[in-house]
Amino acid sequence: MRLSFNTAAGLITMASLGSVGFASFLMGQSSSSDSDSAITFYAPKGSDVWYNSMDGQPMTHQSFAAEAANSDTGMSAAAGLWSGLPVIATYVPHQENSRKPLVENEPRFQFQDGFTSSGAYVGSGYEIDEKEEYASLSIHDNMIIIFSRCPHLCCIPGWQLVNNDFTADNWYPGGTDSGGNKLFCICHSSRYDPTVIEKNRNRNRSSGAEFDYIGIKRTGGPAPVGMPLIPFVVNGDLIEALPDFKDWYTFCA
Ligand code: FES
């Protein structure tokens with residue numbers, strides 16, 4: 001099992017990145033480890049990220065809130081690992097901004113219709129509050145956890161690891177490709193807006209079976225669709241993932 005994290009310097013390929021957990025997870029094998037729910041920071045080697053000093057430590061809600069206060073947009077995000085899966089945890093000041101006028105640099109989560117790359121309607125991001133099956137994804141604690149593998153060719157998109165217009169610390173409403181604070185895949189420049197929740201469709205790479213999922217929106221580049229969410233809880237201050245939707249993380253398996 002090898003995974004590639006994007007860094008400012010290019011790609012770092014990592015061998016055995018929690019591969020036992022990753023493999024057992026995707027193959028549906030249960031594990032009894034107490035740490036299954038933990039999400040730990042993963043600071044891409046050679047990068048200068050705000051969580052360098054916390055590399056390998058469990059993610060805490062407070063660390064994201066504190067880092068967001070250093071941002072012009074009030075957002076923060078970090079790469080991490082959950083049972084060997086690459087994730088990006090993203091903090092958005094949703095509670096503070098959701099009732100304000102929808103203007104530049106006042107980010108909040110938005111809910112949109114999702115369409116496949118061929119234009120077929122799949123569903124609405126509002127289903128996280130409308131359908132019981134997605135209830136664990138209802139927005140809470142100003143955060144979402146994203147399974148971070150690019151549906152194009154399975155590289156691992158990053159948060160502000162390279163400097164360009166897509167990664168700048170600004171935010172435009174509407175889920176367009178304009179503005180910054182996108183998750184950016186350095187392999188072929190796919191972009192994702194972590195503030196737009198939609199329902200879309202992908203395919204299990206092993207079985208070929210299609211599945212619908214709730215995730216963030218792809219806004220540009222060659223990726224066909226966006227990336228799925230991982231439900232979580234904040235336990236004390238620790239961010240802990242929930243294994244409700246394992247099938248959604250199989251498009252690169
Ligand atoms: S693998 Fe991400 S854009 Fe190609």
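Only heavy atoms go into these numbers, but all of them, side chains included; no hydrogens, no water, no symmetry mates. Note that ligands are numbered from 1 as they come in the structure, with each ligand's atoms numbered from 1 the same way.
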Quiz item: With a cut-off of 4.0 Å, which atoms of ligand 1 are near a heavy atom of Ser190?
Solution: 3 (S)
Quiz item: Can the ring centroids of Tyr51 and Trp159 be said to lie less than 6.0 angstrom from one another?
Solution: no
Quiz item: For the rings on Tyr42 and Trp82, is their centre-to-centre separation under 6.0 Å?
Solution: no
Quiz prompt | Pair Phe147 + Phe245: ring centers closer than 6.0 Å | solution = no
Self-check item: Verify same cluster id: Ile216, Tyr126 (apolar side-chain graph, 4.5 Å)
Solution: yes
Quiz prompt | Atoms of ligand 1 close to Cys155 [distance to a heavy atom under 4.0 angstrom, numbered from 1] | solution = 1 (S)
Quiz item: Does the ring centre of Tyr213 sit less than 6.0 Å away from the ring centre of Tyr134?
Solution: no
Quiz item: Near Leu153, which atoms of ligand 1 are under 4.0 Å from a heavy atom of that residue?
Solution: 1 (S)
Quiz prompt | At atom 4 (Fe) of ligand 1: angle between His152 atom ND1 and His188 atom ND1, to 10 degrees | solution = 100°
Quiz item: What atoms of ligand 1 come within less than 4.0 Å of a heavy atom belonging to Cys185?
Solution: 1 (S), 2 (Fe), 3 (S)
